[in-house]
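Numbers restart at 1 for each chain; the letters A, B, ... are given by sequence-line order, proteins then strands.
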Number of protein chains: 2
Amino acid sequence: MSVSVQENQAKLEAFKAYVRKMKQYEEAISLIYWDMRTGAPKKGIETRSEVVGELSTEVFRMATSEEMGNYLQVLHQPEQLEQMDEISRKMVLECKKEYDRSKKIPADKYQAYVVLTSQSESAWEDAKHTSNWTMFQPYLEKIVAANKEFIELWGYEGNKYNTLLDMYEPGMTVEKLDEVFGALRDKVVPLLQKIQASPNQPNRDFLDQQYEISKQKQFSLSILKQMKYDFDAGRLDETVHPFATALNPGDVRITTRYLPNDITSALFGTIHEGGHALYEQNISKDLVGTNLCTGTSMGIHESQSRFWENVIGRSKQFWNRYYGELQQTFSGQIDDIDVDTFYKAINHIEPSLIRIEADELTYNFHIMIRYELEKALINGTLEVADLPEAWNAKYEEYLGIRPSNDGEGVLQDVHWAGGSFGYFPSYSLGNMYAAQFTNTLRQELPQFESLIESGNLEPIKEWLTEKIYQYGKLQTPNEIVKRVTGEELNPDYLVQYLEDKYKAVYGI
Amino acid sequence: MSVSVQENQAKLEAFKAYVRKMKQYEEAISLIYWDMRTGAPKKGIETRSEVVGELSTEVFRMATSEEMGNYLQVLHQPEQLEQMDEISRKMVLECKKEYDRSKKIPADKYQAYVVLTSQSESAWEDAKHTSNWTMFQPYLEKIVAANKEFIELWGYEGNKYNTLLDMYEPGMTVEKLDEVFGALRDKVVPLLQKIQASPNQPNRDFLDQQYEISKQKQFSLSILKQMKYDFDAGRLDETVHPFATALNPGDVRITTRYLPNDITSALFGTIHEGGHALYEQNISKDLVGTNLCTGTSMGIHESQSRFWENVIGRSKQFWNRYYGELQQTFSGQIDDIDVDTFYKAINHIEPSLIRIEADELTYNFHIMIRYELEKALINGTLEVADLPEAWNAKYEEYLGIRPSNDGEGVLQDVHWAGGSFGYFPSYSLGNMYAAQFTNTLRQELPQFESLIESGNLEPIKEWLTEKIYQYGKLQTPNEIVKRVTGEELNPDYLVQYLEDKYKAVYGI
């Protein structure tokens, strides 16, 4: 090797060690957050928050440091990138993207924004609790203004909102989203009307009874085992708001919430988080310690939680296999409910006000509403002051119902309070990706349904690992979707899935 | 203020912020260790260990950095130290001590030693498991040699072993230890002989039965509440080897181990760790974020765990108050055992081979044996190769029993494998300090016994907080003992305590 090649190689190795160190700090931070949410004693939180602040500041400092700048100046050159293996190249590109984005915001503005969102989340909590929009409005106004300012600094192509979308779903645009959401809405609205008009509404009375929590827990654990969630690389705990967190692929933890009078919340919540966890547990070991060792986007991540929760967990085949075990677990409580009744009950469709409680069909309307409002706020065609009325009008339009107060309306989600604009579309993208992947999966694994029906979920997990999970962030969402399904994101698969499933459930 | 005073004040503030950052890293490290020991999934441990390694390296780097050197050069000057408040002064002195100690060991030697002790602990585990001394001997030889070399680099006053003692018990010396251990041995040996010759040996048969673990847990939790362990500033978990860890005074966690056929292990183990925790939970808030926010020494720490475990938890008054509740908890199991029988059973004295299972009297002999062996190894009057025989001979001499193999002999403790020479004496110092503090406590709180008997432990905790806990590391062990009791460490209080207690228990 020439001296210069050797030097560049050494630079690349130093860069990778630097990124590894950042990942190590992030792992420590993730563990602290997990602990704070699962059982850290409250009197220690104040000091612990300072620890998180210190470590987070250090990660941000590293991502934007002169040292990082020097690495990128050398390594982010066409002739350098060409010579690198794929992992190294994508590591450099990812760091460069983050470096440029961070560097464009002056440090004092960023710091002020962090403080603002923190205060805003606290104000939102009180505002939601008391349904008091005016308490929250001034914070949201500042947050929207800051996001608009940041977009000008970051720059944008096409719609201003694209820059925000790209943070959660790299490559996604308003142009594409308008198209897929439009197509989805056009087909799903008439389907929903037919469902609502159907005389065959599911019997759900039996769901409303006491389900002993220790038994719910036992059943949740057994379903996770069936999904091939690896308990040597994870654990299940309880929290008010369930989540999954990947510390490293060998430690991907999930939480759930057991409600004494609702069996479905913990059951489908656990499967949902388990889907997120399967993704992270099965990322290639080659990516450990790199900035690619995570799901490629929020949308693809959500496709996996929703695939496992809805496509598998709410399927007839799944319950043909596991309903007997559920009956046994809650012996005496659902003995006279047959599997078909149960299946229909857990697939009940009904417009509702609260996003997180919505069924898999109407859920998408909750997202479209938020997407349209965000887009309008960021593009200046809607003022924050007019948001509650706009929200209520959209619910009337899309779902035919109107919130009776802002607590169950515009104040229901924390996302905006935390400054997460551009995040919501991920949820519906997840539904669309999931249906599209499933279509391919059925072709390549024709025994798909009988595998579920026989409780043999391993080949399904293997297929997903081979096609999606192992890559982590090595490929973009669009690259993955095209490679796996042969085409770009196409909402028709979700439409077809919903039509097939719900025409049968509702006999329409 | 003159410019120079202002500059020095700014330097002091920067130094304190720097120390605070180190403490924040240490808090993150402690949480990771807690998690690894309580329930982290095993497949994530390898990567997590690298995270700990990275953060620990950073703390060591900060403690020995040029920046720290610069702070100390300015602040560790007589005229500077004089002007400071007490907390700042002690912070500087503590950092200076650590800085000097670390700087005297060349980095490559220190690194090699870290690797050696890590390999040694692993070899020790196998060696202990198979009672194979020769497997461990070469590691211990290297560790002893390294410690001898470090002592030459660190320097020493009087006996070489003093330098090691000072790491765990600042100010303690061989000269002092020889004196107090000698006095203790001279009085306790005849007492032990009388106890062994007594016809009044406790009935312990009833202890050997199945005690349901959920009930053990319930009782342990209730005793911790009685001790005023603050559950809003801590939590109780299960581990194979119980421990207490202070993340900050608002988060001091303890663990215990429930044995199905032994009620005493979890009970007294929990009280013991609870004693450590009370110390850390009650350190003054003024010390949070400083390097003084921890117990002042291993010996004083152990005095608190042993005070709560033995002086309180194994007292007659304690069980006069709580035995009824224990009987109720294990209803039907110990109904016909009266409190006096129970009290004597949990205070049974008998020479045994295993330190961690020893009673509060013979425990001290286990420590004296290790102390004498360590002292001889470090001073070169005993070779590592001759250690097993020396060990067995000492057990014969002090306790009249001889290990049948090295697994229950010289290989029983991990301390030497990890390079912890000078640590063992802390345990007996704890017993002596505890008895000495108790003597003063009885004078200042004459209703001491009736407080215990009525389950009113709060005033006792308050007294300890006022006299000891709040100070953290602001005072040395010797300063604390002299301030609280009016004299230096005096073994006579432990002798008196043991004689008073065991003459009654054994009717001698």
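In this structure, the portion of B/E58 lying under 4.5 Å from any heavy atom of chain A is its side chain and not its backbone. For A/L55, the part lying near chain B is the side chain, with the backbone staying farther off; criterion is any non-hydrogen pair under 4.5 Å. Both the backbone and the side chain of A/R48 come within less than 4.5 Å of a heavy atom in chain B. With a 4.5 Å cut-off on non-hydrogen atoms, B/D232 touches chain A through its backbone and its side chain both.
Within residues 19-27 of chain B, the residues having any heavy atom less than 4.5 Å from a heavy atom of chain A are, in residue-number order, B/R20, B/K21, B/Q24, B/Y25, B/E27. By a heavy-atom distance cut of under 4.5 Å, B/L247, B/N248, B/G250 are the residues of residues 239-250 of chain B near chain A, going up by number.
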>> Quick one, A/D35 with B/D35, criterion side-chain contact (heavy atoms from CB on, under 4.5 Å). Give me CA distance, side-chain angles, the key distance, then yes/no.
In response: CA-CA 9 Å; A/D35 182 70; B/D35 182 69; over 6 Å; no
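Interface summary for chain A: among B/I45, B/V51, B/I29, the most heavy-atom pairs under 4.5 angstrom belong to B/V51. Ranked by heavy-atom pairs shorter than 4.5 Å toward chain B, the options A/G53, A/A40, A/A233 are led by A/A233. Interface summary for chain A: among B/D230, B/V252, B/V52, the most heavy-atom pairs under 4.5 angstrom belong to B/D230.
Around atom CD of A/E46, no more than 12 heavy atoms belonging to other residues, nucleotides or ligands sit under 6.0 Å away. Residue-environment remark: OH (B/Y33) stays at or below the threshold of 12 foreign heavy atoms within 6.0 Å. More than 12 heavy atoms of other shown residues, nucleotides or ligands fall within 6.0 angstrom of atom NZ in B/K461. Atom CD of A/Q470 has more than 12 heavy atoms from other residues, nucleotides or ligands within 6.0 Å.
Contact record, B/R253 with A/P41: NH2-CD, 3.6 Å, taken as the closest heavy-atom pair.
Classification of A/D251 and B/K42 as a salt-bridged pair fails, no side-chain N sitting under 4.0 Å from a carboxylate O.
Atom CG of residue A/L31 and atom CD1 of residue B/I32 lie 6.0 Å apart, to the nearest 0.5 angstrom.
Using modelled atom types, one side-chain atom of B/R235 and one backbone atom of A/G39 make a donor-acceptor pair closer than 3.5 Å.
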